[in-house]
Chemist: 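Pasting in a structure now, in structure tokens, and then I'll have a few things to ask.
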2 protein chains.
Amino acid sequence: MQRKQHVVSGEEQALRLAGLRVTPQRLAIMRYMMGSKAHPSPEMVYGHLKPDFPGLSPNTVYQTLHSLEEAGLLRRISMEDNVYRYDANVEPHAHLVCRLCGRVDDTNGALEPLLHELLSKGSATTSWDILAMDCCFYGYCNDCRERAQTLQNEEREE
Amino acid sequence: MQRKQHVVSGEEQALRLAGLRVTPQRLAIMRYMMGSKAHPSPEMVYGHLKPDFPGLSPNTVYQTLHSLEEAGLLRRISMEDNVYRYDANVEPHAHLVCRLCGRVDDTNGALEPLLHELLSKGSATTSWDILAMDCCFYGYCNDCRERAQTLQNEEREE
DNA sequence: TACTACTTAGTAATCATTACTATGTCAATA
DNA sequence: TATTGACATAGTAATGATTACTAAGTAGTA
């Protein structure tokens, strides 16, 4: 029992469900965000899409990411260097941030029970209304560990 | 057995121990930071000291906070609004951040065991070199809860 | 007391982000 | 399938926090 119908991508469906208009730019941003584990910054999104959308404006990227965040499709995270990053995984989880290259990874799932406990205990032991929790580990990723050592030694010599 | 000696404040001692020169500006910044539980931003420090130091430059505040951080006397924290805050409590602990007024409090000490566990487990379950952890709870403080409700209702009506 | 390196103040530059506005386009309706 | 009104985009300008640069000043040591 097949019926002729046009194919609706998951991204398109998600946008419509959120009450947002579907445009080529938004679809492309959604697709990139959903497919990336790099927690892209607005600049990274812009740089990635610019070749396919020569007319793309950074402004559009900022606004779109903001709309998607408001719709609950993305989560904005902030880190030590004060540049925003966006995460298509909106479930609570912690991040690993490399202080040299800026890479952002998700932490191992093994931490999740602890994070849940922390959030519930945090909410329970304060009189504030808690809406969200953010947890970041800072250090050096495997690619930067060696370079970090070298830099530290140089500093010591000065 | 009293001896004549000039009085050395704790702040002065801390600066000398860290190998930093003691200047009036630095002493004042130290004193303010050590005495505050508000996790002041550079702008707050500047605003607080400007009356006493009319010639003070924002630049000096930025540089001094940075030096004190490098010396391990302060800890720089970053939050959702991408404005730096500094904390004279360098022991690991989490923060409560109000999304309306920007107030930053320390969390209840009851969370500390969990935070330690999180840090050690986080370090153990990744191959990265972990140097630090930051944990923030976002929500509304007691003073802003009501206003937050009002704002949300207004949004819904639009 | 004199010297040297570190600090400061002041200005200019940078960077990410937001504001503003005219043009363009999606999608609901007739 | 045309029309139309609201939303989206692009482009430029503005903002705000932070950093860079430089000349003048000062702390601490010999």
Side-chain angles (χ1 to χ4, degrees), chain A residues 6 8-9 11-30 39-47 49-71 73-74 76-86 102 104 158, chain B residues 6 8-9 11-30 39-47 49-50 52-71 73-74 76-86 102 158:
Chain A
H6 86 205
V8 177
S9 69
E11 286 85 12
E12 184 171 344
Q13 216 167 14
L15 284 172
R16 290 192 197 281
L17 275 172
L20 295 171
R21 283 202 183 159
V22 179
T23 69
Q25 291 91 333
R26 283 192 176 166
L27 275 177
I29 291 176
M30 280 283 281
H39 308 80
S41 64
E43 201 207 342
M44 288 161 76
V45 177
Y46 179 73
L49 296 186
K50 187 70 176 172
D52 294 337
F53 293 81
L56 186 68
S57 152
N59 209 343
T60 299
V61 175
Y62 280 107
Q63 289 175 215
T64 302
L65 291 173
H66 184 247
S67 302
L68 295 176
E69 189 205 357
E70 283 217 311
L73 298 172
L74 296 180
R76 190 172 77 172
I77 51 184
S78 19
M79 2 226 60
E80 276 181 351
D81 62 355
N82 277 3
V83 171
Y84 291 129
R85 298 272 198 145
Y86 285 85
V104 180
E158 279 168 16
Chain B
H6 86 206
V8 177
S9 69
E11 286 84 13
E12 184 172 344
Q13 217 168 12
L15 283 171
R16 289 194 198 281
L17 275 171
L20 295 170
R21 283 200 182 165
V22 179
T23 68
Q25 292 91 334
R26 282 192 178 165
L27 274 177
I29 292 176
M30 280 284 280
H39 309 80
S41 64
E43 201 205 343
M44 289 162 76
V45 177
Y46 179 74
L49 297 185
K50 186 72 175 170
D52 295 336
F53 294 81
L56 185 67
S57 152
N59 208 342
T60 299
V61 175
Y62 280 107
Q63 288 174 216
T64 303
L65 291 173
H66 184 247
S67 301
L68 295 175
E69 190 206 359
E70 282 217 312
L73 298 172
L74 297 179
R76 191 172 78 172
I77 52 186
S78 22
M79 1 226 59
E80 276 182 350
D81 61 355
N82 278 3
V83 172
Y84 291 129
R85 298 271 198 146
Y86 285 86
E158 281 168 13

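Residue numbers begin at 1 in each chain, while the letters A, B, ... track the order of the sequences. The model shown is predicted, which means the values in this text are computed figures rather than measured ones.
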Chemist: For T60(A), report the nucleic acid contact type (base, sugar-phosphate, nothing); a contact means any heavy atom under 4.0 Å.
Modeler: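 Base contact.
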
Chemist: Have a look at Q25(A) and say if it touches a base, only the backbone sugar-phosphate, or nothing, with a 4.0 Å heavy-atom cut-off.
Modeler: sugar-phosphate

Chemist: Quick one: is T64(A) getting a side-chain N or O under 4.0 Å of the dT9(D) phosphate, OP1 or OP2?
Modeler: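 For dT9(D), OP1/OP2 do have a side-chain N/O of T64(A) under 4.0 Å.
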
Chemist: For the base of dA5(C), is there a side-chain donor-acceptor partner from R21(B) under 3.5 Å away?
Modeler: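 By the distance-only test, yes, there is a pair.
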
Chemist: Counting side-chain heavy atoms from C-beta on, which of dT8(C), dA27(D), dA8(D) comes nearest to R26(B)?
Modeler: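 That would be dT8(C).
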
Chemist: Short question: side chain of T64(A), backbone of T60(A) - any donor-acceptor pair under 3.5 Å?
Modeler: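 Side chain of T64(A) to backbone of T60(A): a pair is present.
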
Chemist: For E80(B), is there any backbone N or O sitting under 3.5 Å from a side-chain donor or acceptor partner on Y84(A)?
Modeler: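 Yes; at least one donor-acceptor contact below 3.5 Å.
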
Chemist: Tell me which nucleotide among dA19(C), dG28(D), dG10(C) gets nearest to the side chain of N59(A).
Modeler: dA19(C)

Chemist: Please determine, for the side chain of V22(A), which listed nucleotide (dA27(C), dA10(D), dA17(D)) has the closest atom?
Modeler: dA27(C)

Chemist: Taking R21(A)'s backbone N and O only, do any of them form a donor-acceptor pair with R26(A)'s side chain (distance below 3.5 Å, no angle check)?
Modeler: yes

Chemist: Measuring to OP1 and OP2 of dA27(D), would you say a side-chain N or O of R16(B) lies under 4.0 angstrom away?
Modeler: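 Result: no.
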
Chemist: Select one nucleotide: of dA9(C), dA27(C), dT19(D), the one nearest the side-chain heavy atoms of R76(B).
Modeler: dT19(D)

Chemist: With a 4.0 Å cutoff (strictly under), does any side-chain N or O of T23(A) reach OP1 or OP2 of dT9(D)?
Modeler: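 For T23(A), the contact criterion (side-chain N or O under 4.0 Å from OP1 or OP2 of dT9(D)) is met.
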
Chemist: With sugar-phosphate meaning primed atoms plus P, OP1 and OP2, does S67(A) contact a base, only sugar-phosphate, or nothing at under 4.0 Å between heavy atoms?
Modeler: nothing

Chemist: Is P42(A) touching bases, backbone alone, or none of the nucleic acid, heavy atoms closer than 4.0 Å?
Modeler: sugar-phosphate

Chemist: Among dA27(D), dT18(D), dT9(D), which nucleotide has an atom closest to any side-chain atom of V83(B)?
Modeler: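 Out of dA27(D), dT18(D), dT9(D), the nucleotide with an atom closest to V83(B)'s side chain is dT18(D).
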
Chemist: Should Y62(B) be listed as having a side-chain N or O under 4.0 Å from OP1 or OP2 of dT18(D)?
Modeler: yes

Chemist: Which one of V104(A), V45(A), V61(A), L65(A) satisfies the side chain to side chain contact (heavy atoms under 4.5 Å, CB included) criterion with P40(A)?
Modeler: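 The passing option is V45(A).
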
Chemist: Say you draw a straight line from CD of E12(B) to CZ of R16(B); how long is it, rounded to the nearest 0.5 Å?
Modeler: 4.5 Å

